[in-house]
Amino acid sequence: MLANPSGVRSTACYAQPSHFAFSGRCKLLSSFPNRPRFLSPKKTSKFCSLSLLLSRNGVRCNSFAVKALVEPEVSESVAAAAGGAGAGGSGLLPPVSVKIPFGDREILIETGHIGRQASGSVMATDGETIVYTSVCLSDVPSEPSDFFPLNVTYQERFSAAGRTSGGFFKREGKTKDNEVLICRMIDRPLRPTMLKGFYHETQLLSWVLSYDGLHCPDALAVTAAGIAVALSEVPHSEAIAGVRIGLLGDKFVVNPTTKEMEGSTLDLFLAGTDNAILMIEGYCDFLPEEKLLEAVQVGQGAVRQICSAVKALVTKCGKPKMLDAIRLPPPELYRLVEKIAGDELHNVLQIKSKIPRRKAISLLEEKVINRLTDKGYISIEGLSGSGETILDLIDEEDEDEEIVVDGEVDEGDVHIKPVSRKSTPLFTEVDVKLVFKEVSSKILRRRIVEGGKRSDGRSPEDIRPITSSCGLLPRAHGSALFTRGETQSLAVVTLGDKQMAQKLDNLANVEEFKRFYLQYSFPPSSVGEVGRMGAPSRREIGHGTLAERALEPILPTEDAFPYTIRVESTITESNGSSSMASVCGGCLALQDAGVPLKCSIAGIAMGLVLDTHEFGGDGTPLILSDITGAEDASGDMDFKVAGNEDGITAFQMDIKVEGITLPVMREALLQARDGRRRILAEMMKCSPPPAKSLSKYAPLIHIMKVAPEKVNMIIGSGGKKVKSIIEETGVEAIDTQDDGIVKITAKDLSSLEKSKSIISSLTMVPTVGDIYRNCEIKSIVPYGVFVEIVPGREGLCHISELTSDWLAKAEDAFKVGDRVDVKLIEVNDKGQLRLSRRALLPVPETSPEDPSSNPDVVVIADSGKASDEGAPQKYVSVPKAEGLAEEKIDRAKVKSSATKVASSSKSNSAETTLLPRKKVFKRVKKSGSKAVTGVSSNDGE
């Protein structure tokens, strides 16, 4: 829709009935002789809207009229179409549901159910994953530019997986990195299909409303976005769709599930139309070029099936396109700009340095703008006719407008300052800028095709000079400076423990940590400009992810290198392919940090001039290696490829025109492989070379394996034990896992060894009979003392095992801090230790009258009554293995044994006076293998 600044709405203008393919020429807005002046691209006065403003405040205007935007017959046909669009003339399309192929399954596409006021809305369902996408556009066109005003927002609602946000506000907040990446995957294939000259701001919103954890929403979101745009009023050339390709064994799978992707060696995302590829992005484990081309071919076939079904849907319920809103620069302007600046542009584009060339182009552009706008261009022969035609389009009522000479006019918070009237320019400044840029690109492409030389003098296959150095930053764990031409990356590596890992918040509600991540930064100073610094842009997030995924396959496993790795790539200079410079610089910095990489990799960006017929070529597409920024902007393709000499680890291709075919891709991949090999050879000349060893400032990480049941002993109650170890030894962190893996992170070797010794002592498996010398008493309790046999490991020495003599209280003979020798006599089921000091004491000499003083005598309570209160009690000596702790003896067995011994030794009249109500069992040394047991008794019991 178009609307004037006063808020008066005009009926939408459509050039033809609803259909999808556009074959005719677009009818320009300027072709309407009766259009309102505020829509005229040649309007110079700023007081048209002021007149509308003043008319509402009672200020008299000599003349005021709003004319119809479209011709009567067009307006009637549109009104009839709008009136019969929905039931009862409501203007709403009826609901439509169709199923379209999506790999080896079908997805459900619904439109007209939800979001009926949007220009286009789609609900796409794959399994139980549902994505809702809407497209809306502004009523008033924005200022013309060379960049289509498209804004894409993708959001994964936590409610889709039955969750809420973990934040304080319990709602979705800042866009996550994964959402930014999917936004880019939606935007990049859509943008090339948008028709030039359409300046209505377009917004595409995509929400994941349901997620089943099995069907990925990203490919579904790209396809839904393509369908929503195709159904909307936004003019574009073709419908797009997106698919993911996985490789399971030797079989390619279209749109694999999340479980299938776990075993895939390829993650390829492809988007395009039914006859062309527009965008590919993917990651693999050193996949050969031929295998990648097979995957692209499979993906293109799947996209073609989806687009064919979408075309049928658009024919059924698509809205008419706003072709009449397209505004292109006048055709004669191209000829004028090329005639004025063609020769100078040809010379300026040969300047090799970026900044001088940019300044020279800027001055030349200003010169062209001044000649074609402020003063007009009327001296060229043959221009007068077209000039008169354009001037005739100016509304006659312009001379009747009231002009405010002095002061300001307030309308709320709006302040309009008077501007002196100027003569009407022949062309607008925006049109001149757009045409100047296109002419510059055309001349640059012609020079490459005709002369075989690029702006910096290279041939299409040449690579810019490369230099690199490592170890620039002494306190960093690893650093490298990689320079290729005028593109430079400063890469810095930081090593840390698990606490440094990046936590990811995802819909699957699975706690996920990244032990390797690369963060890309592109400050405005890298291109010699002034700009805003703040949160990373979508471009920075996308470039960083590409470099990260390229380096990931060469990293060692976590078992071999237990560090969390962070790479920072700061672009200090930029003239094309900064993301691939981050790959090269990041690889060198990782080697300088001592990370044991599997191999070295490099990245390169490839460009393309597709149509060489236009510039006198033979029609063969011209592929460029290691493109610069100007070649990227003026070319037809930006193809980034990273890998080693034999295989690819990451790739990303953006197409700016339709027509890229598999043979062109094959040639670009083979040429990129040759370029990577040359770059790797230059990286080997790095001076100074990578250290390939851990920095002395890097943390030390030691991995221990303990029994899983011993992990709790390290942690302690509420984590007290592990915290005490950290405080005592000075290590940075101790990380434990349920499988028994223990990681100790320390700044120095001494603290690491100390904590290692404590943990080894805590988790050791003691053996009964082990003797521990000079052990410290840690605490005293009524029933004994706790002795630390090794650092962090304590055992109980019962009061009966402290001395040979009877002891009422442990405090009477010992205090905390005393050191004693103990012997391990028992380990119970809970792993608790029982110690004995008495077992290591020498055996004292004892008399028969006092067997209780003998260390081999065990005294137990006797619940039985003595036959005579004053009579001496009997005692029994029982055999007992040397070194065993005091045990409870079954009273019945003791009584039986005592009876038998008494009956067999009546001749023994030796008596021993014992304490009342006690039975004494005495150890008798073995004679050979036979134990002798004796009992002394008076009553013969």
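The residues of the chain are indexed from 1 along the displayed sequence.
One distance of note links CG of N575 with CD1 of I627; it measures 10.5 Å at 0.5 Å rounding. Here T545 contributes atom OG1 and Y517 contributes atom OH; the two are 13.5 Å apart, rounded to the nearest 0.5 Å. The structure places CD of Q502 at 6.5 Å from CG of D177, a figure rounded to the nearest 0.5 Å. Distance check: I648 CD1 to R676 CZ gives 5.5 Å after rounding to the nearest 0.5 Å. Atom OG of S625 and atom CD1 of I604 lie 5.0 Å apart (nearest 0.5 Å).
Nearest heavy-atom pair across I277 and M665 is CD1-SD, 3.9 Å. The nearest pair of heavy atoms linking F651 to F639 is CB-CE1, 4.3 Å. Of all heavy-atom pairs spanning L444 and L349, the tightest one is N-CD1, 3.8 Å. In terms of heavy atoms, I601 sits closest to C587 at N-SG, 3.6 Å.
Contact annotation: the side chain of I466 never approaches that of R678 to less than 4.5 Å [non-hydrogen atoms, C-beta and beyond]. Residues V298 and L270 fail the side-chain proximity criterion, which asks for heavy atoms closer than 4.5 Å. Contact of the M606 side chain with the M653 side chain is not registered, since no non-hydrogen atoms from C-beta on lie closer than 4.5 Å. In this structure, the side chains of F269 and V222 come closer than 4.5 Å at one or more pairs of heavy atoms. With contacts defined as side-chain heavy-atom distances shorter than 4.5 Å, the pair T628/R464 qualifies. Between P192 and I655, the closest side-chain pair of non-hydrogen atoms is not below 4.5 Å. For the pair V253/S264, no side-chain contact is recorded, criterion being any heavy-atom separation below 4.5 Å from C-beta on. Residues V583 and F482 fail the side-chain proximity criterion, which asks for heavy atoms closer than 4.5 Å.
Looking at residues two or more places apart in sequence or on another chain, you find a side-chain contact (heavy atoms from CB on, under 4.5 Å) between R677 and E645, D646, R673, D674. Residues passing the side-chain contact (heavy atoms from CB on, under 4.5 Å) test with A225 are T133, I186, L190, L204, sequence neighbours excluded. Scored by the ring-ring contact (aromatic ring centres under 6.0 Å, His included) test, Y520 finds H543 as partners (sequence neighbours excluded). Residues satisfying the ring-ring contact (aromatic ring centres under 6.0 Å, His included) test with F561, not counting sequence neighbours, are Y563. Annotation: side-chain hydrogen bond (donor to acceptor under 3.5 Å, both in side chains) contacts of E573 (sequence neighbours excluded): none.
Counting heavy-atom neighbours within 6.0 Å of K176 NZ, excluding the residue itself, gives a total above 12. Surrounding CD of Q499 are at most 12 heavy atoms belonging to other residues, nucleotides or ligands under 6.0 Å away. Environment of CD in Q350: crowded, with over 12 heavy atoms of neighbouring residues, nucleotides or ligands closer than 6.0 Å.
In this structure, R191 is positioned above the aromatic face of F147, its NZ or CZ under 6.0 Å from the six-membered ring centre and within 45° of the axis.
At a cut-off of 3.5 Å, with distance as the only test, a side-chain donor of E156 or N178 sits close to an acceptor on the other residue. Donor-acceptor pairing under 3.5 Å is lacking for the side chains of E568 and Q519. Residues T487 and S577 bring no donor and acceptor atom of their side chains to less than 3.5 Å of each other.
With R454 contributing its side chain and P460 its backbone, the two residues share a donor-acceptor pair below 3.5 Å. Remark: side-chain polar atoms of S695 are paired, donor with acceptor, to backbone N or O of Y697 under 3.5 angstrom. For T223 (side chain) and L220 (main-chain N/O), no donor-acceptor pair under 3.5 Å exists by modelled atom type.
Within the structure, the salt bridge (Lys or Arg N to Asp or Glu O under 4.0 Å) test picks out the following pairs touching residues 513-524 (sequence neighbours left out): K514-E548. Here salt bridge (Lys or Arg N to Asp or Glu O under 4.0 Å) pairs that include residues 351-360, with residues two or more places apart or in two chains, are R358-E529. The salt bridge (Lys or Arg N to Asp or Glu O under 4.0 Å) contacts involving residues 479-501 comprise R484-D626, where partners must be two or more places apart or lie in separate chains. For residues 588-597, no residue pair satisfies the salt bridge (Lys or Arg N to Asp or Glu O under 4.0 Å) rule, not counting sequence neighbours.
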Validation: residues 241-249 side-chain donor-acceptor distances under 3.5 Å, sequence neighbours left out:
from: R244; atom 1: NE; to: D267; atom 2: OD1; distance (Å): 2.8
from: R244; atom 1: NH1; to: D218; atom 2: OD1; distance (Å): 2.9
from: R244; atom 1: NH1; to: D218; atom 2: OD2; distance (Å): 2.7
from: R244; atom 1: NH2; to: D218; atom 2: OD2; distance (Å): 2.8

Under 3.5 Å, side-chain donor or acceptor atoms of residues 551-559 against the rest of the protein: list the pairs with distances, not counting sequence neighbours.
from: T557; atom 1: OG1; to: A560; atom 2: N; distance (Å): 3.4
from: E558; atom 1: OE2; to: K743; atom 2: NZ; distance (Å): 2.7

Please tabulate, one pair per line, all N/O donor-acceptor pairs under 3.5 Å involving side-chain atoms of residues 682-689, not counting sequence neighbours.
from: E682; atom 1: OE2; to: K685; atom 2: NZ; distance (Å): 3.4

